[in-house]
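See structure below.
Count residues from 1 along the sequence. Start at 1 and go down the list; that is how both ligands and their atoms are numbered.
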Amino acid sequence: MTNSRQPSQDSSSVDLKSKKKKDYAKFFTAPNLTEAKKRGREAIQVVDFPEIPEDLKQLGKEKHFYLRTYGCQANEHDSETIIGLFQEMGYTAIDDEKVADVILFNTCAIRENAEDKVFGEIGRLKHLKKEKPELVLGLCGCMSQEESVVNRILRSYPHVDLIFGTHNIHRLPYLLQDALFNKEMVVEVWSKEGDVVERMPKVRQDGLKAWVNIMYGCDKFCTYCIVPYTRGKERSRRPEDVLEELQELAEQGYQEVTLLGQNVNAYGKDLTDRNYSFADLMEDIRQIDIPRIRFTTSHPRDFDDDLIEVLAKKGNLMEHIHLPVQSGNSDILKRMARKYTREHYLELVGKIKEAIPDVVLTTDIIVGFPGETEEQFQETLSLVEEVRYDLAYTFVYSPRVGTPAAVMEDDVTEEEKKNRLYRLNDVINRIGREKNEALRGHVVEVLVEGESKTNPDVLSGRTRTNKLIHFPAGKEYIGKIVHVKIIEPQTWTLKGELVTKVGV
Ligand code: 5AD
Ligand code: SF4
């Protein structure tokens, strides 16, 4: 590993501005399971973000950018880096796209409806681009990593000026310069993941809660999921870099950090120079003076006893675990390539509950996976009843081009899939309400985030278990950790009253 060289550009990277439009597509690698799985275990280079050249720092003088982010926390956090890069170039953020000089969409590819929204937005902006030809319209994030998306833009949305992917965000200043000074669409998407780039500029959007990447990519290849193709192979950041970032956040007074990774439980497996796991990282993070540490997302397969042991020590490690199950039926789990069974999952849940009795478990569930029968769906319902999640994110299966599940036979109608989603949500909401009801009269620790959206006399915050709670109190409590008594539990939120103050 080296710290000195510049971030490399993968040999398959392409800057197609000099090519004819019809030739663009052949330079891209489609999400392809066989090809993607060939990725090796070679050591990833860790490099520092290089200083931006002076001329590029002047690029955005007196200019404005408008950034819209879709999708998960990884994207939200990438956007904090993108904002940092824009600011390094002298740009100012603006909320009104009509007066922006650059409009950028940081996109999500996880389900079709996320993509449809983006295509709708790009189409809508055609008029604005016509009125204002100097406007730069760009697309980045997971959709850019899909060949089918890039082809569709080349074909049907030629007013787009810039496309870049998830692996080359650090190249934004150079790509933007290209887009500004060239008439052709600038497309640079690396089909293979690049280096881990440390110390990128970042403008965090919250002064209280921060996201910190601990790893990038995913090697799990669940058969329905596009992420391993759009985000590349698993690459862990070095523990010392993660810990240094957390230490800085502690010094800046951050009260909560969420550690991010597609599969945080695999953290460290790719670090060839040491034996260091996610449990080791959590043990080290426990010593850092940040009151609240969360993490997302866990994969049940890699969730080990060492981690349960560390989490049971609590302290600044919150007793909330998001543990996506996806289905309660072992055959469906097998076809999803989740690599665990219903029984293994329930055993893990049992162990977690035994070690952390007041743990709150939340999950992700997909209904209508190709060929899912009513009986198999019933097993998802019974698993939900058994685990008693406080909250679950539920989705109708959405085929993603290039993933194995997209070509599996599917005889379940859309209507039936929607019907399963309604039935599942009914059960989840009932249980969520019952779990909240059981908290009536309890006093909980709350990090106060700000005024409630609907009433300035009411504050909103989160419990250790990440439940949203509202209670009347003065602004002086914002940013503090206080004790609140739950007086009115509801399905998704709690209402309470201030009891004592902690750390005020
Ligand atoms: N269709 C529906 N839901 C999906 N997810 C991932 N891929 C798909 C898909 N193709 C869901 C999973 C995952 C969450 C982030 O999104 O439940 O855990
Ligand atoms: Fe997608 Fe998560 Fe499975 Fe990785 S572990 S393939 S991100 S669902």
Side-chain angles (χ1 to χ4, degrees), residues 31-33 36-37 39 70-76 107-116 141-143 145-146 148-149 166 193 213-236 260-267 269-270 278 295-303 321-329 332-340 345 361-372 377 380 383-384 389 391-408 410 412 414 417-418 420-421 424-425 428:
N32 177 300
L33 185 73
K37 275 195 162 169
R39 50 198 186 185
Y70 297 84
C72 66
Q73 289 155 325
N75 254 21
E76 293 284 350
T107 63
C108 169
I110 199 96
R111 281 170 293 274
E112 196 176 0
N113 56 3
E115 295 196 349
D116 289 345
C142 285
M143 276 173 74
Q145 294 291 144
E146 294 179 275
S148 58
V149 166
T166 58
E193 56 284 326
N213 281 321
I214 61 167
M215 60 193 298
Y216 306 96
C218 181
D219 282 350
K220 277 283 176 281
F221 289 100
C222 302
T223 54
Y224 51 81
C225 188
I226 195 80
V227 168
Y229 311 97
T230 61
R231 293 259 166 192
K233 77 171 171 183
E234 275 168 11
R235 290 148 286 149
S236 300
L260 295 180
Q262 301 298 337
N263 170 15
V264 290
N265 305 81
Y267 176 80
K269 291 190 175 175
D270 59 310
F278 185 51
F295 57 92
T296 196
T297 285
S298 280
H299 192 294
R301 160 89 180 197
D302 296 322
F303 207 110
I321 298 173
H322 185 65
L323 195 63
V325 66
Q326 313 299 358
S327 165
N329 172 266
I332 293 287
L333 288 170
K334 190 164 189 193
R335 288 203 289 120
M336 285 178 164
R338 291 290 289 177
K339 301 185 181 77
Y340 55 84
Y345 185 90
L361 293 172
T362 56
T363 200
D364 293 343
I365 298 173
I366 298 176
V367 299
F369 186 76
E372 182 193 59
F377 170 66
T380 296
L383 181 131
V384 167
Y389 298 104
L391 183 86
Y393 299 94
T394 56
F395 312 100
V396 170
Y397 167 71
S398 169
R400 308 282 61 219
V401 175
T403 60
V407 291
M408 288 180 190
D410 192 6
V412 190
E414 275 311 302
K417 290 181 184 190
K418 280 196 192 124
R420 285 181 196 167
L421 188 71
L424 175 61
N425 286 342
I428 284 163

Side chain proximity check, [X] to [Y], heavy atoms < 4.5 angstrom:
| X | Y | value |
| --- | --- | --- |
| Ile428 | Leu391 | no |
| Phe278 | Asp302 | no |
| Tyr216 | Arg231 | no |

Glu112 atom CD, neighbour heavy-atom count above 12 within 6.0 Å: no

Residue Arg111 excluded, over 12 heavy atoms near CZ under 6.0 Å: yes

Please work out whether any backbone atom (N, CA, C, O) or any side-chain heavy atom from C-beta onward of [X] is under 4.0 Å from ligand 2, and answer side chain, backbone, both or neither.
| X | value |
| --- | --- |
| Pro324 | neither |
| Tyr224 | side chain |
| Asn263 | neither |

Do me a favour and list the nearest non-hydrogen protein atom to [atom] with residue, atom name and distance?
| atom | value |
| --- | --- |
| atom 17 (O) of ligand 1 | Gln326 OE1, 2.7 Å |
| atom 7 (N) of ligand 1 | Tyr224 CD1, 3.3 Å |
| atom 9 (C) of ligand 1 | Ser398 O, 3.6 Å |
| atom 18 (O) of ligand 1 | Asp364 OD2, 2.7 Å |

Heteroatom test (N, O or S) for Cys222 near atom 1 (Fe) of ligand 2, limit 2.8 Å: no

For Arg111, the ligand 1 atoms whose distance to one of its heavy atoms is below 4.0 Å: 1 (N), 2 (C), 3 (N), 4 (C), 5 (N), 11 (C), 16 (O)

Distance filter under 4.0 Å to Arg400 heavy atoms, resulting ligand 1 atoms: 10 (N)

Ile226 and ligand 1 - part of the residue with a heavy-atom distance under 4.0 Å: neither

Region of Ile110 that comes within reach of ligand 1 [heavy atoms, distance under 4.0 Å]: both

Gap between atom SG of Cys142 and atom CD1 of Ile226 - 0.5 Å precision: 9.0 Å

Winner among His299, Glu234, Arg301 once heavy atoms are compared against atom 5 (S) of ligand 2: His299

Arg335 to Phe369 six-membered ring, cation-pi geometry met (6.0 Å, 45°): no

Gln326 versus Tyr224, side-chain donor and acceptor atoms under 3.5 Å: yes

Residues Asp270 and Lys233 bridged, charged N to O under 4.0 Å: no

